[in-house]
Amino acid sequence: MNLKELLNKEQYEAVCHKDGPLLILAGAGSGKTRVITYRIANLISEHGVAPANILAVTFTNKAAGEMKSRIRHVVGKPADNIWMSTFHSLGCRILRAHAEKLGYTKGFSIYDEDDRERLVKECMHQAKVNEKEMKPYQIIRYISDIKNQLLNPRQYMEMAQDYNNKIVARIYVVYEEKMKRNNAMDFDDLIKLPVELLKSRNDMLEMYREKFRYILIDEYQDINNSQYELITLLAKKHRNICVVGDDDQSIYKFRGADITNILEFEDDYKDARVIRLEQNYRSTKIILKAAHNVIRNNTNRKAKELWTENNEGEKIIFYYTDDEIAESEAILKEVDRLQRGTETQLRQMAVFYRTNAQSRVIEDRFRRGGIPYKLIGGLSFYGRMEIKDLLAYLRVVSNPQDIISFKRIINVPPRGIGDASIDKVEENAMNANLSFIDGLLAADNVTGVKDSTKNTLKKFAAFFKNLSENKENMKLRDLVREIVNRTGYKDYWKSDASPKSRERVENIEEFESAISEFEESNEKASLEDYLNQVALLSSVDKMDEKADAVTLMTVHSAKGLEFDVVFIAGMEEGLFPHKNCKDEPGGLEEERRLAYVAITRARKKLFLLSAASRRQTGTKRITKISPYMNEIPPELLEHRGRMPVKTVEEKYLKGTIEDTLQDMEPEFDMPVDVAPTYKPGQKVKHKVMGQGQIMKIEPHGDDFKLTVVFKKHGKKVLSANHAGLEKI
DNA sequence: AGCGATGTATTTTTT
DNA sequence: ATACATCGCT
């Protein structure tokens, strides 16, 4: 392997660096993956480092798998001994080996946000917190933050000062108790608990420090506090830590990612070597220039500019459409044209959007237009209700302590078991110090539950107890078949002929074949392995590389990927940048980084789309073009679709009000049907002022403030209820 | 007690 | 639009 020929000067330096801390600042498309894989291969083949002594953390399991197979090409089978995965998979692997030391068993469940919310609701109930006071998902956010700070309930209790924090503290205590009783971990635990293990057990710390002599972390800019702690603990002794990242691509602040980790790496390791990769091999000059002109508006960043030897390329297309339907139409049209006209394959095209909700319209249009697509994230296969139900059935078998999963499926399909009965049985189990499943078996001791219900409960529990005891001897597929048939789950959906139910039956069958497939390709895998894999695979991991179809995904999911042609839909103020980011400190800068990430995914062709109006949660809103569009130099853009128009006011001052009626871009942020009587653009007549046009509607108490431009008197602000306007 | 129907608020992004 | 809670009916 002649590295000098394969790499540029900086890449070569990074690959050949052996011992000591190394920071690689790798811009978008600068060949980072290449550097990581060659560096690991080089450590093994040139420096004789044992693969088992290498730990590499990547952002997706897919990236890990790809790198591993490339390394295998160079060093062969020993590459399998490298620990290469995401942070959460790493944590899970450590915990599976040492669960008992922390008071869990190996079969612990991993709770996703959905399970967490169910649990939090129970906790709120138990801690006597009204759901109106704080919403469950807010509590989850708080708890997640607390766990990222590695705080236990007792520690947090002492710190909690203000009203909200005190409420959260009360719930957090109950939450942790219940999690432990359910033998369950959330995503945050998968990092927090390994840290606790290493901190409390010196033998464990020493063992893992000796094992992971060489550590490599990708996407370091998106690491949160607990992940930082974990890595720092492990790396402190040998200090062979190489981190790779780009401060301009930090987009996960909402889940605790802390950009200062990368900005301060050189303070943590004073002797750190720093290498910058600034040559871009991915995009055209025009795309790169546009990206730079957007990101340069951020103040909190390391100054830098990527460059490329690639072609100038084509102009970026700005597509302005009437509404989101027309937007999807435009995307479809362009996709179709590219697919026919050039050599671009569908798999080389992607549509990005800021929020998952935007995907539906695009999906519909693609489906009707006969263009195959793959949807990443959102309500994907594993997010479907029926699949989650089946997974809950499996989790009950794997972890009979998992009360949340039990409750999910205990009355699905309906067996006449209601909340009241469950509560009574659960309370009885608690008092008698029984597990939930044994509590069900002991249903006879409970008062106030019908005999028929008791029998159902007992039968139900006995069935799962039996499966749970025999799970080792059963094939996974048989386990699933047994569950699906014996619980009547499939028949339940089959009995209903609605298209929705038929789809569910199909999904159930697809699940059965998916599990068979898993079993065939992972012979030694247990039920627990399967459940872990399902819980920890990211949406991008589940992406089908082979299918020739257009990819639909959020900008967040797009990180680390690249496509020949990229469409970014919904370039509108309030959507991208999203309105919820306005109040958060640094929120707008983070949104801009998101835009930067989105733009830099494109190799050859970039489409940016805005719709003049958009329906959101049922109501239609007039939109404004995203400010990021103004940051891109106009000479890089080519316009398609309807023309952006000047404001009503501007037009009015120049011409007649009639001219403005056709094309206008009113400035308001109200649902159109909130003010039933008035609409922006509506021409009105006032007793004194005469003819005018409504430009802006804002809520004002129970009333609305109307901004009206009158022909004779210019702009006035009036109260909707008192102005006495007449529509004309 | 359990189920279905009606009314109402709404989550940006993800392991 | 959709999910979810609450309410009233069986």
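Below, read A as the first sequence line, B as the second, and so on, with proteins coming before strands; counting in each chain starts at 1.
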Legend entry - Quiz item: cation-pi between A/Arg593 and A/Tyr596, 6.0 Å / 45°: no
Inset, instruction - Establish, with yes or no, whether the OP1 or OP2 oxygen of B/dG2 is under 4.0 angstrom from a side-chain nitrogen or oxygen of A/Ser421. - result: yes
Legend entry - A/Thr355 side-chain proximity, nearest of B/dT15, B/dC3, B/dT12: B/dT12
Inset, instruction - Give a yes/no answer on whether the side chain of A/Tyr137 brings an N or O atom under 4.0 Å of OP1 or OP2 in B/dT11. - result: yes
Legend entry - Interatomic distance, A/Met553 atom CE to A/Arg601 atom CZ [nearest 0.5 angstrom]: 10.5 Å
Legend entry - Distance test, side-chain N/O of A/Ser557 to OP1/OP2 of B/dT13, below 4.0 Å: no
Legend entry - Distance in angstrom units between A/Ile422 CD1 and B/dG2 C1', rounded: 11 Å
Legend entry - Phosphate-side-chain proximity, A/Asn356 and B/dT14, N/O vs OP1/OP2 below 4.0 Å: yes
Inset, instruction - Report yes or no: is the ring centroid of A/Phe254 under 5.5 Å from the six-membered base ring centroid of B/dT13, with the two planes under 30 degrees? - result: yes
Legend entry - Salt bridge flag under 4.0 Å for residues A/Lys106 and A/Glu528: no
Inset, instruction - Tell me whether the OP1 or OP2 atom of C/dA5 has a side-chain N or O from A/Lys121 closer than 4.0 Å. - result: yes
Inset, instruction - Determine whether the aromatic ring centres of A/His556 and A/Phe254 lie less than 6.0 Å apart. - result: yes
Inset, instruction - Scan side-chain atoms only and decide if A/Ser109 and A/Asn399 contain a donor-acceptor pair under the 3.5 Å cut-off. - result: yes
Inset, instruction - Considering just the side-chain nitrogens and oxygens of A/Arg415, establish if one lies under 4.0 Å of OP1 or OP2 belonging to B/dG2. - result: no
Inset, instruction - Tell me whether the OP1 or OP2 atom of B/dA1 has a side-chain N or O from A/Lys424 closer than 4.0 Å. - result: yes
Inset, instruction - Looking only at side-chain atoms of A/Thr86, point me to the closest of B/dT14, B/dT15, B/dT11. - result: B/dT15
Inset, instruction - Round to the nearest Å and state the distance from A/Gln616 atom CD to B/dT10 atom C1'. - result: 12 Å
Legend entry - Distance test, side-chain N/O of A/Thr554 to OP1/OP2 of B/dT12, below 4.0 Å: no
Inset, instruction - Among B/dT14, B/dT12, B/dT15, find the nucleotide with the atom closest to the side chain of A/Ser538. - result: B/dT15
Inset, instruction - Please answer whether B/dT15 and A/His88 are stacked, defined here as ring centres separated by less than 5.5 Å and planes angled under 30°. - result: no
Inset, instruction - Under 4.0 Å between any heavy atoms, over every strand shown, what does A/Asp188 touch: base, sugar-phosphate, or nothing? Just pick one. - result: nothing
Legend entry - Per A/Asn580 side chain, nearest of listed nucleotides B/dT12, C/dA1, B/dT15: B/dT12
Inset, instruction - When you get a sec, tell me which of B/dT13, B/dT11, B/dA1 is the closest nucleotide to the side chain of A/Lys135? - result: B/dT11
Inset, instruction - Side chain of A/Ser539 only, please: which of B/dA1, B/dT15, B/dT12 is the nearest? - result: B/dT15
Inset, instruction - For atom CG of A/Asp419, decide whether the heavy atoms of other residues, nucleotides or ligands shown that lie under 6.0 angstrom number more than 12. - result: no
Inset, instruction - Indicate whether OP1 or OP2 belonging to B/dT15 is found under 4.0 Å from a side-chain N or O atom of A/Asn224. - result: no
Inset, instruction - Please state how far atom CD in A/Glu117 lies from atom P in B/dT14, giving the value in whole angstrom units. - result: 16 Å
